[in-house]
2 protein chains.
Amino acid sequence: MARLAGVSRATVSYVLNNTSAVRISEPTRRRVHEAARELGYVPHAAARSLRAGHSRMVLMPAPAVPVGPLYSRFLSELQSALGRLDYTVVQYGTVGRQGDEAARAWAELRPVAVLVPGTGIGPQGVAVLKRAGARAVVTLGPERVEGAHALLMDHEAVGHCVGAHLHARGRRRVGVVVPEEEGLEAFSRPRLAGVRQALRGTDASVTELPLAYTEQAAAELAARWAGSGLDAVFAYNDEYAMLLMRALQDEGLRVPEDVAVVGADDLMLGRLLRPRLTTVHIELPSGRELAELVDQAVRDPGAEPEVRKVLGAALVRRESS
Amino acid sequence: MARLAGVSRATVSYVLNNTSAVRISEPTRRRVHEAARELGYVPHAAARSLRAGHSRMVLMPAPAVPVGPLYSRFLSELQSALGRLDYTVVQYGTVGRQGDEAARAWAELRPVAVLVPGTGIGPQGVAVLKRAGARAVVTLGPERVEGAHALLMDHEAVGHCVGAHLHARGRRRVGVVVPEEEGLEAFSRPRLAGVRQALRGTDASVTELPLAYTEQAAAELAARWAGSGLDAVFAYNDEYAMLLMRALQDEGLRVPEDVAVVGADDLMLGRLLRPRLTTVHIELPSGRELAELVDQAVRDPGAEPEVRKVLGAALVRRESS
DNA sequence: TTGAAAGCGTTACCAC
DNA sequence: GTGGTAACGCTTTCAA
């Protein structure tokens with residue numbers, strides 16, 4: 001490299017890293033800096049981490065499906081928090097790879113920590129990553145994975161508080177929307193299960209309602225509504241709730257008199273609908289909190305994997321139920 | 001490494017990379033594969049790209065602000081398309097760094113191509129990246145950057161077609177919402193400028209309306225509406241349009257009789273509002289198309305930078321204007 | 001068919 | 001203060 005500053009590579013390294021252990025003469029420093037600028041020199045991250053034997057890279061698989069505003073806010077918060085702790089966050093696009101194959105692809109980058117949302121990894125995958133030098137593997141999902149720290153996101157709780165609420169409001173025939181879009185099962189299944197659990201042992205029934213996110217699908221579902229006898233619906237989230245509520249209203253059904261509609265995620269749009277949408281406010285962990293957990297785990301890789309419940313679900317009653 | 005398969009490192013490399021130039025005996029292959037599995041061996045990406053002198057990494061800065069459904073769809077499409085061409089897409093979280101500093105940080109990773117949305121890079125940054133071995137730099141933004149391929153996203157066109165539409169509908173006092181949220185200026189400014197341009201030389205006036213994405217801010221704006229004399233508003237996008245339209249309606253104003261409301265992005269929610277929201281349908285380049293452009297550029301780095309207009313804007317008239 | 005060795009860009013460690 | 005040297009893990013060239 002910039003040996004054409006007339007100095008050795010080691011000297012360059014010292015100057016550019018401001019190594020305090022050795023003193024470099026001012027003129028030399030200047031020459032090095034000058035040469036670096038002139039040549040447009042930038043250090044080679046791969047070489048550096050190869051030599052160092054570790055990096056400060058925190059790897060996250062990039063979500064394959066477009067993800068809601070809630071989660072993307074959380075993501076960018078997390079990124080800046082980790083950035084402040086001097087980690088580099090990298091979202092890695094793992095195309096078609098599944099499970100352990102994906103884990104191996106991630107391991108090739110030798111990240112110091114890996115954050116895996118959903119059910120994208122199993123115990124074997126965790127083991128691969130750890131052998132590859134990852135000092136922390138953190139999952140964000142419905143259940144813990146052997147060997148990894150876990151941030152438990154209990155989406156059943158979301159469904160549960162909706163079920164309990166609807167029952168308390170006297171509803172007995174509850175429909176639950178299950179989106180047909182791919183990649184949402186990880187959330188929709190537990191939400192449905194939560195409703196079921198809340199209503200188990202009561203006189204209320206739960207009906208699963210597959211629904212694609214199109215006006216037509218919603219209209220068809222609404223057209224069948226009268227015959228279904230359902231008096232309430234948990235619409236998966238606020239966006240599906242808006243879609244379905246509109247279709248129900250267009251069909252002449254009154255919300256909430258004929259049918260109660262409940263969304264989830266507490267998005268702005270729920271407040272703007274008429275009737276205002278009852279929803280579930282979801283409290284995700286702050287990016288700062290998760291960043292600190294990662295940092296802890298990296299500093300002390302031997303520690304017992306931490307398991308923490310991080311999803312707060314609170315029903316926000318408005319006018320639609 | 002796995003020399004404990006009883007063979008040399010070279011042999012391992014051959015086997016695992018399926019190098020066709022040399023023939024390795026079946027038993028040896030087996031032993032290597034077995035040892036690799038047993039040890040949980042995964043190749044070291046840094047070492048590989050260091051030796052090879054290049055990688056297949058396509059780098060994109062991770063958006064710092066939560067980004068709309070339109071753009072995230074485009075992103076994931078692009079990711080899979082590039083994945084199919086055997087590139088690895090990496091979103092790199094560039095925290096606070098600005099301009100050339102950011103470019104230097106990206107260059108450290110020695111990506112084969114860099115995709116930069118917005119105005120995140122200048123000619124110098126492009127030069128740094130190219131010197132660092134990037135064979136293609138592609139910007140997605142309002143204007144081209146010296147030395148880089150450009151996908152021109154002309155958001156002025158969005159504003160322009162709204163301005164023209166409103167004028168044709170007889171509106172003469174047009175408000176344009178400019179979000180107060182950070183990171184949106186890159187879109188809101190050109191959209192405003194487009195409206196101005198469309199109405200320049202006519203008898204219509206354009207008024208800038210700063211608006212935060214809160215109910216209260218919208219209510220305040222709506223309360224001032226009667227005194228403003230505005231008979232139309234371009235609300236930046238469908239979400240701001242929904243917010244503002246609700247506030248206007250709550251204030252007793254009729255849409256579109258008293259005030260026409262136009263959104264943009266053609267989101268589902270616009271179709272669900274009543275009155276149905278007039279909007280601008282935005283056609284982004286397909287991920288496949290962009291992936292091919294990147295691949296082209298990587299294969300032929302000497303070629304003249306390509307400049308392509310990729311943002312199609314078409315007004316979708318519904319009921320709100 | 002296999003093994004040995006060089007070298008990619010860094011940095012830590014010793015001599016100078 | 002400064003400069004040479006080795007080593008990180010891998011691929012490739014060349015020799016056995």
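Chain letters run A, B, ... following the sequence lines, proteins first and then strands; every chain starts at 1. The figures here come from the full heavy-atom set of this structure, side chains too, leaving out hydrogens, waters and symmetry mates.
D/dA7 atom C1' lies 13 Å from atom NE2 of B/H44, rounded to whole Å. With rounding to whole Å, A/L50 atom CG is found 12 Å from C/dG9 atom P. If you take CZ of A/R110 and P of D/dG9, they are 8 Å apart, rounded to a whole angstrom. Between A/Y41 atom OH and C/dG9 atom C1' there is a gap of 7 Å when expressed in whole angstrom units. Atom CD of A/E108 and atom C1' of D/dT11 are 14 Å apart (whole Å). One atom, CZ of A/R48, and another, C1' of C/dT11, lie 9 Å apart when rounded to the nearest Å. Here C/dT10 presents its C1' atom at 15 Å from CG of B/L109, a figure rounded to the nearest Å. What separates CG of B/L39 from P of D/dG9 is a distance of 14 Å, to the nearest Å.
The phosphate of D/dT13 has neither OP1 nor OP2 within less than 4.0 Å of any side-chain N or O from B/Y14. Note on B/T11: a side-chain N or O is less than 4.0 Å away from OP1 or OP2 of C/dG3.
Side chain of A/R131 to main chain of A/V126: no donor-acceptor pair is present (N/O by atom type, distance under 3.5 Å, no hydrogens or angles).
Nearest-nucleotide positions on DNA chain C place B/A47 closer to the 5' end than the other of B/A47 and A/A52.
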Next item on the list: Evaluate side chain to side chain contact (heavy atoms under 4.5 Å, CB included) for A/M60 paired with A/L75, printing each intermediate quantity in order.
Entry: CA-CA 10 Å; A/M60 304 188 57; A/L75 256 188; 3.4 Å; yes
Show every donor-acceptor pair shorter than 3.5 Å between a side-chain atom in residues 138-152 of chain A and any protein atom, with sequence neighbours excluded, or say none if there are none.
from   : atom 1 : to     : atom 2 : distance (Å)
A/T139 : OG1    : A/H149 : O      : 3.4
A/H149 : ND1    : A/E306 : N      : 2.9

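Contact of B/R51 with D/dT11 (side chain to base): a donor-acceptor pair of N or O atoms is detected under 3.5 Å.
Residues B/V90 and B/V58 have side chains not in contact (no heavy-atom distance under 4.5 Å, counting atoms from C-beta outward).
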